[in-house]
Amino acid sequence: MLFRSGVQSKNRPIIQGRGLTSPGVIALYLFGLLLIQIIENFISGEPGRITGITLLALFIIAIKLGRPSALFTAVVTPPLALSATLILATLVSKGFALTTLLVSLVSSLARLAPWLLLTAIVSWSYFFIAQRKAIKPSLPPSDPSSTQEA
């Protein structure tokens with residue numbers, strides 16, 4: 001796989017064990033996005049490029065640190081985690097005023113839509129390519145010399 005090269009430190013993997021399970025991947029997304037969004041909300045007022053880049057980086061980290069069985073979770077989680085963390089980060093930074101909360105959520109989602117789309121394209125492409133590679137070795141090799149000519 002593209003990102004599955006073992007990261008080594010003195011000939012040992014940095015992370016011991018088999019990797020993050022699906023709940024671990026979800027927690028990685030939630031805590032990573034929440035931390036970045038709260039920081040970005042206090043600095044610039046609304047999430048933007050840094051949160052978008054973090055969303056894409058978290059997908060790569062989830063592939064790197066997660067188990068092969070958690071790949072589907074790593075692909076499906078970004079929009080859900082982004083929505084949940086947007087609500088929490090907006091509540092923390094803007095307060096509980098309903099109108100301000102809703103306007104801020106809609107504008108934040110609009111600002112992050114290109115990053116979410118890019119992450120979806122990259123993650124689903126990686127998922128389908130990985131699934132295709134997993135299926136191909138199980139097929140018997142074709143023998144072009146056995147074709148019959150008429």
Exercise for review: Side-chain contact test, heavy atoms from C-beta onward, threshold under 4.5 Å: evaluate it for Ile121 versus Tyr126 and give yes or no.
Suggested key: no
Check your understanding: Are Ile61 and Trp124 linked, directly or through other ILVMFWY residues, by side chains that come within less than 4.5 angstrom of each other?
Key -> yes
**Study point:** Leu20 vs Arg67 side-chain heavy atoms within contact, under 4.5 Å
**Key:** no
Exercise for review: Flag the pair Val75 / Phe59 as yes when at least one side-chain heavy-atom distance between them is below 4.5 Å, and no otherwise.
Suggested key: yes
**Study point:** Thr51 and Leu82, any side-chain heavy atoms less than 4.5 Å apart
**Key:** yes
Exercise for review: Flag yes if Leu117 and Leu109 sit in one hydrophobic cluster, no otherwise; membership is Ile, Leu, Val, Met, Phe, Trp, Tyr, and two members link when side-chain heavy atoms are under 4.5 Å apart.
Suggested key: no
Check your understanding: What heavy-atom pair brings Ala110 and Pro114 nearest, and what distance separates the two atoms?
Key -> O-CD, 3.9 Å
Practice item. Would you name the heavy atoms of Leu71 and Ala130 that are closest together and state the gap between them? Key: CD2-CB, 3.9 Å
Review point. Apart from Ile38 itself, what residues make up its hydrophobic cluster, given side-chain heavy atom links below 4.5 Å?
Key: Leu34, Phe42, Leu88, Val92
Check your understanding: With a 4.5 Å heavy-atom cut-off, do Leu112 and Pro47 have their side chains touching?
Key -> yes
Practice item. Spell out, yes or no, whether Leu56 and Phe72 are grouped together once hydrophobic residues are joined by side-chain heavy atoms under 4.5 Å, including indirect joins. Key: yes
**Study point:** For Thr85, side chain to side chain donor-acceptor pair (under 3.5 Å) partners two or more places apart
**Key:** Gln37
Check your understanding: Does Ser22 have any side chain to side chain donor-acceptor pair (under 3.5 Å) partners at least two apart in sequence or in another chain, and if so, which?
Key -> Thr73
Revision key, fill the gap. By salt bridge (Lys or Arg N to Asp or Glu O under 4.0 Å), Arg111 pairs with (sequence neighbours left out) Glu46
Review point. Mind checking whether Val76 and Val122 sit in one hydrophobic cluster, side chains of I, L, V, M, F, W, Y counted as touching below 4.5 Å?
Key: yes
With a 3.5 Å cut-off and sequence neighbours excluded, list the donor-acceptor pairs that the side chains of residues 24-33 form with protein atoms.
from: Tyr29; atom 1: OH; to: Ala74; atom 2: O; distance (Å): 2.9

Exercise for review: Mind jotting down which residue pairs meet the salt bridge (charged side-chain N to carboxylate O under 4.0 Å, His left out) criterion with at least one end in residues 114-131? Sequence neighbours excluded, please.
Suggested key: none
Review point. Atom OG in Ser123, atom CD1 in Ile63: separation rounded to 0.5 Å?
Key: 8.0 Å
Exercise for review: Say whether Leu55 and Ile53 are linked into one hydrophobic cluster, either directly or through other cluster members, by side-chain heavy-atom distances under 4.5 angstrom.
Suggested key: yes
Check your understanding: For the atom pair CD1 (Ile39) and OG (Ser44), what is the distance rounded to the nearest 0.5 Å?
Key -> 11.5 Å
**Study point:** Separation of Thr90 OG1 from Leu105 CG (nearest 0.5 Å)
**Key:** 4.5 Å
Practice item. Supply the atom-to-atom distance Ser108 OG to Glu40 CD, rounded to the nearest 0.5 angstrom. Key: 9.5 Å
**Study point:** Check: Phe96 and Leu91 side chains under 4.5 Å, non-hydrogen atoms
**Key:** yes
